[in-house]
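Remember, it's 1-based here, ligands and their atoms both numbered in the order they're listed.
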Amino acid sequence: MIIYFSGTGNSLTVAQNIATGLNEKVMHMNEAKKLKTINDRIIGFVFPVHNYDIPPMLKAIIEKLDFPMVKYSFGIITHGGDKGNTMFSLKSLMKDKGSDLHYYSDVLMPVNSRIMYGLLTDKIEERISDSKTKCDAIVNDIKGEKQNAQKIRKNHLIAVMHNLADTNFLKKRFTPVVDTDLCTNCGICQSVCPVNNISVIKGKAFIGDSCEQCTTCMHWCPQVAIHYGKRKVRKEQQYHNPEIKLKDISKRNL
Ligand SMILES: Cc1cc2nc3c(=O)[nH]c(=O)nc-3n(C[C@H](O)[C@H](O)[C@H](O)COP(=O)(O)O)c2cc1C
Ligand code: SF4
Ligand code: SF4
């Protein structure tokens, strides 16, 4: 079983490619959230790096799950160039469950973060093309039950940077706001928010208090009505993986 999270589709394409190669199934983290245990022998996690670490919403879900039958586990991250302490955190989570992380790898992908990188739009085609070759190599590694996660160490400087990015000051700064003049009440942002933090009130989208600054709503809004305070987002700054459609993201946020 491969459990995944994906805001703009990069991790979903990687999860699907790996699942196809392994003849495994993919499960969105919000489906896994409904379970207590996953009884598979092989468990994989595919997700984006957020602020040098695991997205908090996924971390919270893994913390509550048990994997009593797991014999081999792997983590594959998609990212824009800074892997941070993500794999250390995933390994720690698995160890807390009396298990371990056996294999990890990463796939460099187009960046979807305004917070860290300012929505770079270059290298999209090149990175997506290279990612397919990388997925093939990962599938071969996993088929051979390769183990490379023994020596993962925490980088303490990166942990400081993660904690800085996680402060309320910065979080508030990068919590999206809806331009109600542009909002047409289509409900798309509500359907893609992975933590159900968006409601529609009096015909306009409203961002609640549980935002995890994942930027998903901002990327998928067809009216480009979701901004960051005074920072306006432009159409060309929105991104989603070209192989992934809106329905692939929205239908899985349960
Ligand atoms: C809130 C946020 C934080 C991010 N932080 C990092 C980071 O620390 N390092 C990095 O390389 N990429 C970072 N990224 C970029 C994503 O990891 C990358 O674009 C990923 O492939 C997106 O996957 P998705 O399309 O499945 O959501 C961040 C993206 C977001 C939205
Ligand atoms: S996706 Fe954009 S236009 Fe649609 S409801 Fe949300 S903010 Fe309004
Ligand atoms: S409101 Fe937008 S940025 Fe915040 S968690 Fe939901 S989708 Fe992500």
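- For the residue pair T78 / N10, no side-chain donor-acceptor distance below 3.5 Å is found, with atom types taken as modelled.
- Backbone and side-chain nitrogen or oxygen atoms of Q213 are examined, and none is located within less than 3.5 angstrom of a nitrogen or oxygen of ligand 1.
- Taking backbone and side-chain atoms together, C214 has an N/O/S atom less than 2.8 Å away from atom 8 (Fe) of ligand 3.
- By the criterion of a heavy-atom distance under 4.0 Å, neither the backbone nor the side chain of C189 is placed next to ligand 3.
- With a 4.0 Å cut-off on non-hydrogen atoms, P222 touches ligand 2 through its side chain and not its backbone.
- Against a heavy-atom cut-off of under 4.0 Å, I198 is close to the following atoms of ligand 3: 1 (S).
- The shortest N or O to N or O distance between N112 and ligand 1 is below 3.5 Å.
- Remark: E31 does not engage K25 in a salt bridge, criterion side-chain N to carboxylate O under 4.0 Å.
- Among the atoms of Y239, none of the N or O lies under 3.5 angstrom from an N or O of ligand 1.
- For the pair K83 and ligand 1, the shortest N or O to N or O distance does not fall below 3.5 Å.
- The side chain of T215, and not its backbone, has at least one atom closer than 4.0 Å to an atom of ligand 1 (non-hydrogen atoms only; side chain from C-beta on).
- In the vicinity of V195, heavy-atom distances shorter than 4.0 Å reach the ligand 3 atoms 5 (S).
- Polar contact check, C214 against ligand 1: no nitrogen or oxygen pair lies under 3.5 Å apart.
- For ligand 1, the atoms sitting less than 4.0 Å from at least one non-hydrogen atom of G7 are 24 (P), 26 (O), 27 (O), numbered in the order shown with element in parentheses.
- Defined by atom type and a distance below 3.5 Å, a donor-acceptor pair is present between the side-chain atoms of D106 and H79.
- At a heavy-atom cutoff of 4.0 Å, ligand 3 is contacted by the side chain of P194 but not by its backbone.
- Contact atoms of ligand 3 toward N197: 1 (S) (distance under 4.0 Å to a heavy atom of the residue).
- Below 4.0 Å from some heavy atom of G187 lie the following atoms of ligand 2, by number and element: 4 (Fe), 5 (S).
- Taking 4.0 Å as the cut-off, G84 does not count as a neighbour of ligand 1 on heavy-atom distance.
- Residue C193 counts as close to atom 6 (Fe) of ligand 3, with an N, O or S atom under 2.8 Å.
- Counting protein heavy atoms only, atom 4 (Fe) of ligand 3 is closest to C211 SG, 2.4 Å.
- For ligand 2, the atoms closer than 4.0 angstrom to any heavy atom of A205 are 5 (S), 6 (Fe), 7 (S).
- For the pair M109 and ligand 1, the shortest N or O to N or O distance does not fall below 3.5 Å.
- The option from Q190, E212, M218 that lies nearest to atom 5 (S) of ligand 3, judged by heavy atoms, is E212.
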